[in-house]
Amino acid sequence: GAGVSQSPSNKVTEKGKDVELRCDPISGHTALYWYRQRLGQGLEFLIYFQGNSAPDKSGLPSDRFSAERTGESVSTLTIQRTQQEDSAVYLCASSFAGGLGYTFGSGTRLTVV
Amino acid sequence: AQTVTQSQPEMSVQEAETVTLSCTYDTSESDYYLFWYKQPPSRQMILVIRQEAYKQQNATENRFSVNFQKAAKSFSLKISDSQLGDAAMYFCAYPNSGGSNYKLTFGKGTLLTVNP
């Protein structure tokens, strides 16, 4: 597609429920990133996918967080048993071959009530 | 751990005036990139300008320019002839060193208000 597409745009969920966030990168971009942005904060790195290489999961805050990507296509970020501190904007970005010319999506605002 | 510091949580500027947003960072690397991103209410992060540390010349993109002071580890963004559309959060960012240079470390941001 023309840009990085994320869905849903907004999500409200009850504490303890699981949520799945989706990112559709720019066609041809082999690298995909997830970042979290808490209110009033900068972005925190969560996970990085590059082609078929093993992802860098070093930023995932707990084992309740997981992400998948098949090849160079869509990625999903799953948060299990959501907690109130998971409330944030989750931003996805993609780029060519791990380059720093990221293109970001508009994010998913997750609110855990 | 790498740090990127933006000491101005909020700034305001009159339309058509000039404003400078500050950023300092900490690194032991000699060659690296630095970035300024803009985040309007749409939430999408938009790359405004980037600077390569080995280049002495400050980067410029139309009304946006940087003042890069490598020794001081300072990377400020100057917006000239400010426009209402410049109102947004602005983030300074720096790539991690070594093999994980695909990760960016962001400052906490500066909220810029442009007054008509």
Side-chain angles (χ1 to χ4, degrees), chain A residues 1-11 21 23 25-26 29-51 53-60 88-111, chain B residues 1-10 21-27 29 31-54 59 61 75 77 88-111:
Chain A
V4 177
S5 178
Q6 291 189 246
S7 61
S9 180
N10 294 283
K11 174 74 175 177
L21 312 181
C23 173
I26 290 174
H29 279 188
T30 57
L32 186 146
Y33 315 77
W34 284 97
Y35 282 81
R36 177 171 72 176
Q37 184 179 23
R38 288 173 158 160
L39 185 64
Q41 302 294 315
L43 278 66
E44 305 169 80
F45 170 82
L46 295 178
I47 190 168
Y48 162 71
F49 295 92
Q50 168 54 42
S53 301
D56 178 351
K57 303 180 180 181
S58 60
L60 294 179
V89 174
Y90 290 83
L91 287 157
C92 176
S94 68
S95 72
F96 290 110
L100 292 172
Y102 289 14
T103 300
F104 280 90
S106 295
T108 294
R109 181 180 298 281
L110 176 65
T111 303
Chain B
Q2 297 195 163
T3 57
V4 178
T5 302
Q6 293 181 248
S7 59
Q8 307 150 314
E10 297 184 26
L21 310 182
S22 66
C23 173
T24 58
Y25 59 95
D26 186 21
T27 182
E29 300 286 314
D31 190 19
Y32 47 88
Y33 288 89
L34 291 160
F35 303 88
W36 277 99
Y37 279 89
K38 170 184 178 181
Q39 187 180 41
S42 68
R43 297 197 305 246
Q44 185 177 18
M45 298 283 283
I46 301 164
L47 179 64
V48 173
I49 197 165
R50 77 177 188 183
Q51 174 78 42
E52 296 171 71
Y54 73 89
E61 289 285 346
F75 180 58
L77 174 69
M89 283 290 290
Y90 286 82
F91 294 92
C92 178
Y94 168 76
N96 282 26
S97 57
S100 63
N101 62 356
Y102 46 81
K103 299 180 191 177
L104 294 179
T105 298
F106 288 82
K108 291 187 176 181
T110 296
L111 178 61

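Convention: sequence-line order gives letters A, B, ...; per-chain numbering from 1.
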*Relative to each other, are the rings of B:Y37 and A:F104 parallel, tilted or perpendicular (30° and 60° limits)?*
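Ring orientation of B:Y37 relative to A:F104: perpendicular.
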*B:F106 and A:F45: aromatic ring centres closer than 6.0 Å?*
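That pair fails the under 6.0 Å test.
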_Heavy-atom contact with chain B under 4.5 Å, split by part of A:Q6_ =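 Contact with chain B is absent: no heavy atom of A:Q6 under 4.5 Å.
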*A:L43 versus chain B, heavy atoms under 4.5 Å apart: side chain, backbone, both or neither?*
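A:L43 touches chain B through backbone and side-chain heavy atoms alike.
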*asked:* How close do A:S106 and B:Q44 get, counting heavy atoms only, and between which atoms?
replied: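 Looking at all heavy atoms of both residues, the closest pair is OG-CB, 3.7 Å.
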*Of all heavy-atom pairs between A:S58 and B:K103, which one has the smallest distance, and what is that distance?*
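Heavy atoms only, the tightest pair is OG-NZ, 2.8 Å.
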_Structural part of B:Q6 lying under 4.5 Å from a heavy atom of chain A_ =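 The answer is neither part of B:Q6.
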*Checking A:Y33 side chain against B:Y102 main chain: does a donor-acceptor pair fall under 3.5 Å?*
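Such a contact is absent between A:Y33 side chain and B:Y102 backbone.
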*May I ask you to test the A:Q37-B:R43 pair for a side-chain heavy-atom distance under 4.5 Å?*
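Counting from C-beta outward, A:Q37 and B:R43 never come under 4.5 Å.
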